[in-house]
Number of protein chains: 2
Amino acid sequence: MVDMVDDDKLERRVTGADVANAAGVSPSAVSRTFTPGASVSPATRDRVLRAAVALGYRPHFIARSSRERHGNLVGILISDLGNPWYAMAVQRLSQALQEHAFHAVLFDANTPDMLTRIVPLILQYQLDGLLIGAPDMPLIVADVCAGTATPIVMFGRLSKPELGLSSVACDDHQSGREVVDLLVERGYQRLAYLGGEAGPIADTRRGEGFAERVRELRLPPITNVSASESSYAAGGRAADALLGHAQRPDAVFCQNDVLAIGFLDVARNRYGLNVPDDLAVVGFDDIPAASQFPYQLTTVQQPLDAMMTEAVSLISHQIASSAPVPETRLLPGRIIERQTVRSPV
Amino acid sequence: MVDMVDDDKLERRVTGADVANAAGVSPSAVSRTFTPGASVSPATRDRVLRAAVALGYRPHFIARSSRERHGNLVGILISDLGNPWYAMAVQRLSQALQEHAFHAVLFDANTPDMLTRIVPLILQYQLDGLLIGAPDMPLIVADVCAGTATPIVMFGRLSKPELGLSSVACDDHQSGREVVDLLVERGYQRLAYLGGEAGPIADTRRGEGFAERVRELRLPPITNVSASESSYAAGGRAADALLGHAQRPDAVFCQNDVLAIGFLDVARNRYGLNVPDDLAVVGFDDIPAASQFPYQLTTVQQPLDAMMTEAVSLISHQIASSAPVPETRLLPGRIIERQTVRSPV
DNA sequence: CTGAAAGCGCTTACAG
DNA sequence: CTGAAAGCGCTTACAG
């Protein structure tokens with residue numbers, strides 16, 4: 001549903017020309033007084049400013065950008081704003097963007113279908129750049145992203161390398177390995193991995209590092225379960241799948257905290273398991289809920305601030321560069337020990 | 001820090017004129033084939049389209065909007081994206097905006113100071129409209145909002161009536177009253193209200209309705225505490241303030257769920273209180289955590305979808321109208337009973 | 001249905 | 001330092 005816009009507004013927008021008339025100067029003069037660093041004499045600047053406040057004039061940024069061939073608009077495309085980690089990421093991103101004199105245009109697409117429809121539209125808008133946090137983006141869409149001229153960087157998960165997209169993420173692979181070491185050191189033996197949705201374009205290095213280290217250590221093979229989505233409820237369902245039989249794992253590494261929390265709650269409340277004695281649960285992200293009283297979740301914390309700062313610095317360089325090349329930036333994660341893994345003996 | 005933009009990009013943007021040349025038609029023709037409902041013969045449309053895909057042409061929406069005198073850009077200004085309710089609101093808002101063919105420009109300002117700096121900037125950007133969810137916005141800023149020509153609607157909380165701003169919110173006053181009735185019916189006697197930050201421009205009708213009904217019923221006067229911010233930690237601190245002495249309340253109504261959850265956790269874990277037997281806790285919003293296992297929080301649910309749909313429908317009408325008048329829309333809240341208030345006897 | 005022209009509001013070489 | 005002019009990429013009366 002698109003509304004019609006009625007152009008008969010009574011008050012016409014006051015324009016630079018109006019100010020020029022009022023101040024008795026040329027349009028160029030008023031433009032100059034509003035572009036930092038341009039050369040205007042204090043006298044004319046003063047007259048312009050005076051006229052401008054009198055008329056309530058403000059330069060029209062959109063029009064400005066059409067002349068300058070860039071709009072200082074960068075998009076943020078997100079598929080799961082319901083996940084607190086992404087909400088925090090968007091917050092940091094828009095702050096960092098503001099500091100770089102960009103504005104953040106937010107696009108939300110919850111399903112692969114919406115993603116498929118929306119991406120071409122976004123590209124059409126010809127933003128200066130696009131930041132993507134949508135691990136469930138279909139491959140075809142990633143291809144159109146790779147083919148476009150507008151700089152794109154993925155955040156939160158590395159894009160599969162063959163895609164040729166820039167990304168900034170946490171070193172998931174290394175963190176996955178470290179989680180195994182922690183678990184083994186604390187005496188757990190039957191490890192399991194709970195992955196999120198398939199994530200056509202996002203790598204799966206969290207689980208891979210985990211599995212790799214398990215193999216190196218010649219531990220019994222891990223059980224893999226995969227949640228259909230990253231939600232509290234899905235975490236609970238995974239617990240049902242994993243904990244229902246006798247040979248259940250004694251430690252599970254979850255792809256993210258919301259899954260972990262859902263898992264934890266049914267492990268305790270439906271199966272009466274004692275965490276961390278009967279079962280260890282470790283998450284990923286360190287969302288606020290992880291440190292709340294009932295959870296005290298041991299998890300790997302992503303360096304959110306650094307990652308988001310990096311992401312906008314990367315995209316801002318790509319925007320400024322004449323021939324941007326895809327880059328990937330990996331920042332180290334850090335295990336935060338709380339109460340869902342046994343303490344050292 | 002502002003990055004320089006290097007304009008020497010090798011590939012020039014392909015423009016409508018390029019397509020016109022390639023197709024052997026006028027620029028008007030290509031413009032027409034890209035504006036729905038314009039009159040072009042199938043033949044020329046076809047040639048244009050063919051040339052367009054060959055060259056990879058896409059109309060430049062920003063330039064388009066300068067001619068059309070509106071950009072289809074509406075801002076969302078938010079001060080607490082860390083609160084899940086606001087995150088969900090932004091999600092719905094951006095979806096609804098997309099459906100109305102608007103784009104959402106996101107602004108984040110965590111402090112009154114940032115708000116004060118950012119609002120004039122936003123207005124300068126001359127967006128078509130602005131949606132504000134920032135109860136902690138200083139009064140002066142609200143005044144500049146009221147004085148501007150760009151349509152503005154506040155969401156989530158009603159703006160104080162004297163401000164002359166449009167808003168859509170839940171009927172907080174009524175819900176506050178209903179919470180008292182519920183609590184009294186279930187046998188609680190010493191009621192308390194835990195408010196959030198002062199909120200210079202947001203009304204305080206949640207607490208007022210609550211207090212009003214308490215007076216009507218001639219119950220003992222309520223205790224009022226006010227958290228410095230809406231956070232889990234602040235909720236915990238409020239519990240310390242309220243539960244430390246003998247004459248503690250036996251029911252507390254919290255301004256929102258994140259406060260309520262923080263309160264609940266320290267009430268149980270630090271004070272060993274049995275909720276709901278020793279103490280009732282009711283929240284506001286119905287964020288996802290409210291229905292999680294450890295909480296099962298009784299809370300008043302705001303009709304999020306309806307509110308956000310209403311908000312964008314309101315602003316889109318104001319954008320379309322030649323003389324928009326401030327309107328306020330109140331939707332009913334609904335108490336969701338879970339486990340933090342005793343069941344009926 | 002179609003094109004030539006003028007315009008959106010602003011900026012930026014170009015002369016002076 | 002300043003103005004007249006041309007331009008950003010697109011659209012929309014105006015004629016035909």
Separation of C/dG9 atom P from A/Leu55 atom CG, nearest Å, is 15 Å
Among C/dT2, D/dC10, C/dT11, the one nearest any side-chain atom of A/Thr35 is C/dT11
Testing C/dG3, D/dT12, D/dA4 for proximity to the side chain of B/Val25, the answer is C/dG3
Under a 3.5 Å distance rule, please check whether B/Thr148 uses its side chain to pair with a backbone N or O of B/Val144 as donor and acceptor.
no
In terms of heavy-atom contacts, B/Gln98 and A/Leu106 come closest through OE1-O, 4.2 Å
Partner of C/dT2 under the Watson-Crick or G-U wobble criteria, both distances under 3.5 Å, comes out as D/dA15
**Asked** If you look at every strand shown and take non-hydrogen atoms under 4.0 Å, does A/Ser39 touch a base, only sugar-phosphate, or nothing?
**Response** base
Q. When you measure from the side chain of B/Thr15 to the backbone N and O of B/Asp18, does any donor-acceptor pair fall under 3.5 Å?
A. no
Given D/dC10, is OP1 or OP2 found less than 4.0 Å from the side-chain N or O atoms of B/Thr15?
yes
Take atom C1' in D/dT12 and the same atom in D/dG16, then report the distance between them in whole Å. 16 Å
Here the distance between atom P of C/dG9 and atom CG of B/Leu127, to the nearest Å, is 17 Å
Q. Looking only at side-chain N and O atoms, does A/Thr44 come under 4.0 Å of OP1 or OP2 in D/dT2?
A. yes
Rounded to whole Å, the OH-P distance (A/Tyr57 to C/dC10) equals 4 Å
Atom CZ of A/Arg45 and atom P of D/dC1 are separated, to the nearest Å, by 10 Å
Of C/dT11, D/dT12, D/dT2, the nucleotide closest to the side chain of A/Arg32 is D/dT2
Among D/dT2, C/dG3, D/dT11, the one nearest any side-chain atom of B/Pro27 is D/dT11
Whole-Å distance, A/Asn21 CG to D/dG3 P, equals 12 Å
A/Phe34 CZ to C/dT12 C1', in whole Å, measures 18 Å
Parallel, tilted or perpendicular: rings of A/Phe155 and A/Trp85 (30°, 60°): tilted
Classify the nucleic acid contact of A/Ser41 as base, sugar-phosphate or nothing, counting any heavy atom under 4.0 Å across all strands shown. sugar-phosphate
Original post:
What do the steps show when you test A/Leu127 against A/Thr150 for side-chain contact (heavy atoms from CB on, under 4.5 Å), and what is the final call?
Top reply: CA-CA 7 Å; A/Leu127 303 163; A/Thr150 94; over 6 Å; no
